[in-house]
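The structure appears right after this line, and notes come after that.
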Amino acid sequence: MSVLWSELMNDTHKEIGLIGLAVMGQNLALNIADHGFQISVFNRTYSKTVDFLDRNSSTPTLSGYETLDAFVSSLKRPCKIIIMVQAGKPTDLVIESLIPLLQKNDVIIDGGNAKWTDTIRRERKLADLGIHFVGSGVSGGEEGARFGPSLMPGGSSEAWNQIKDIWLSISAKVNASTGKPLSGAKPGKPVDGGVPCAAYIGADGSGHYVKMVHNGIEYADMQMICEAYHMLSSVGKLSANQIGEIFKSWNEGILDSFLIEITGDILCQKDPRSGAPFVDVVLDTAGQKGTGKWTSVNALDMGVPAPTVAEAVFARCLSAVKEERAKAANILSGVALQPLECSIDHLIEAIRDALYCSKICSYAQGFQLMREAQNEYSWELNFGEIAQIWRGGCIIRAAFLQKITEAFERDPALSNLLLDDYFKESISKYQRNWREVVSIAVNSGIPCPTFSSAVAYYDGYRNARLPQNLLQAQRDYFGAHTYERLDEPRGTFFHLDWLNENRPESRMN
Ligand code: 6PG
């Protein structure tokens with residue numbers, strides 16, 4: 001009905017358009033429509049548009065179109081068009097098909113998980129044509145898109161001003177003073193009040209960059225939770241259901257977060273077929289779409305230490321070689337599980353503490369990455385605000401993020417979260433347990449790549465002297481790569497003539 005009605009009316013007043021009616025696109029369109037914005041939708045396969053409109057015929061703010069021409073013509077100028085298609089080539093194809101239909105000042109918004117360098121390229125190309133391009137991170141999965149995602153838009157400030165009302169309205173909301181998410185959005189009944197989990201991030205690819213780091217942190221959070229589960233089941237000998245209950249109790253304290261909450265739920269779930277714990281029937285290989293890898297590759301490219309995020313990606317890679325692991329399990333020896341030397345209550349508490357300290361380290365790494373990227377790309381990122389818009393709606397939403405916002409409020413130039421008083425004190429309070437958990441895991445042959453890499457990161461960061469004096473000497477030995485001396489000013493380089501029996505030293509600059 002809406003299709004015919006829209007096309008018969010030849011209307012040109014829709015406030016926003018959306019292309020791509022996969023689940024995320026459908027849910028975002030419904031969220032926008034529920035907030036009272038007139039929205040036009042378009043999908044390459046028209047039957048999908050018809051089906052979507054049929055299923056939502058009671059939403060008067062929603063209209064669909066068969067041709068891209070009719071879709072664009074239905075929009076108020078300057079028009080705003082959200083693209084919710086697959087990242088990469090499909091996004092470029094949609095942009096190419098839109099260009100001839102657009103005018104100066106129109107705005108295209110890419111809401112997919114695009115690589116930030118693609119967003120920079122697209123923004124530049126479209127800016128030359130006078131068209132704005134916003135790369136907006138959208139986090140929160142299907143439910144977030146439908147009832148309030150966390151939104152991370154990057155692009156020109158003019159473009160942001162054009163989409164701001166809609167972005168602030170449709171995002172998740174948090175309580176202004178506590179930072180707690182406000183819940184209760186239902187179809188047609190959006191949440192009002194509170195601080196929106198959407199804020200202008202900065203120029204060109206910054207929004208997609210911040211979303212990518214969000215995902216890198218998400219990878220680390222998820223892997224840490226898996227390590228906690230592994231320890232509780234192997235060392236603690238607890239059932240999935242018992243561990244689920246532990247996660248539910250953890251969700252009441254410092255670990256309060258969406259991922260901990262869903263983990264409690266998942267672990268208590270029974271397999272509908274066999275009645276066994278659901279997790280016990282799921283194959284232990286993890287997939288990935290690439291945002292964690294991008295985060296880690298970028299950390300390596302920029303020389304920023306983000307080992308915990310990278311370990312989380314590698315843990316998925318290692319999980320994926322299931323057949324190889326199954327063979328190796330019959331060939332390689334480990335060590336017998338250590339008998340538990342502490343009470344089970346202590347083990348549970350220690351694992352919680354290990355999870356918390358490791359989490360602090362991976363967030364510290366994520367924020368350091370964003371700090372370096374802002375220098376690299378001349379962005380001006382507001383780290384406290386980024387933590388705040390992650391407080392609700394997104395996958396890594398957690399009470400803990402409020403502490404990050406507060407840390408950056410105390411010191412906007414904070415170079416590493418570990419140096420903030422709250423995090424410094426948290427780690428000093430919990431580190432004994434953290435170290436104990438890592439040593440139990442290592443001594444029991446249980447892999448804990450993120451817990452242990454986080455401890456190593458922490459110890460590396462807090463050590464004024466590391467063994468890379470030796471490494472640099474090795475480099476000088478075999479490759480004349482030179483070294484600096486402790487007793488000379490920084491930037492003065494020396495080389496020892498290792499091939500000369502007397503090994504004389506020369507100053508190289
Ligand atoms: C989100 C999620 C979302 C998605 C990722 C995860 O913020 O809503 O991060 O973007 O779940 O694509 O991807 P992979 O785990 O498949 O890499």
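On a predicted model such as this, the values are computed, not experimentally measured, just so you know. First listed ligand is number 1; within each ligand, the first listed atom is number 1.
Between Y356 and F400, the ring planes lie perpendicular to each other; the angle is over 60°, past the 30° to 60° tilted range. Ring-plane geometry between W434 and Y458 is classed as tilted, the angle between the planes lying from 30 to 60 degrees on a 0 to 90 degree scale.
More than 12 non-hydrogen atoms from other residues, nucleotides or ligands lie less than 6.0 angstrom from NZ of K248. A 6.0 Å sphere centred on OH of Y461 holds more than 12 heavy atoms belonging to other residues, nucleotides or ligands. Atom OH of Y377 is surrounded by more than 12 heavy atoms from other residues, nucleotides or ligands within 6.0 Å.
Residues T178 and Q402 are not in side-chain contact: their nearest non-hydrogen atoms beyond the backbone lie 4.5 Å or more apart.
The shortest separation from a heavy atom of G292 to ligand 1 is not under 4.0 Å, leaving the residue out of contact. At a 4.0 Å cut-off, not a single heavy atom of M222 sits close enough to ligand 1 to count as contact.
Protein heavy atom nearest atom 11 (O) of ligand 1, with residue, atom name and distance: E218 OE2, 4.1 Å. Closest to atom 4 (C) of ligand 1 among all protein heavy atoms lies N113 ND2, 4.3 Å. Nearest protein heavy-atom neighbour of atom 7 (O) of ligand 1: S139 OG, 2.5 Å. Shortest contact from atom 8 (O) of ligand 1 to any protein heavy atom: G140 N, 2.9 Å. Ranking protein heavy atoms by distance to atom 5 (C) of ligand 1, first place goes to N215 ND2, 3.7 Å. Looking only at protein heavy atoms, the nearest one to atom 17 (O) of ligand 1 is Y219 OH, 2.4 Å.
Closest heavy-atom contact between I427 and C361: CD1-SG, 4.4 Å. Closest of all the heavy-atom pairs between V210 and I201 is CG2-CG2, 3.6 Å.
The option with the heavy atom closest to atom 16 (O) of ligand 1, from among K289, R316, R397, is K289.
Annotation for ligand 1: atoms under 4.0 Å from non-hydrogen atoms of I395 are 1 (C), 2 (C), 7 (O), 8 (O). Those atoms of ligand 1 with a heavy atom of G141 less than 4.0 angstrom away are 8 (O). The contact set between ligand 1 and H214, taken as ligand atoms under 4.0 Å from a residue heavy atom, comprises 7 (O).
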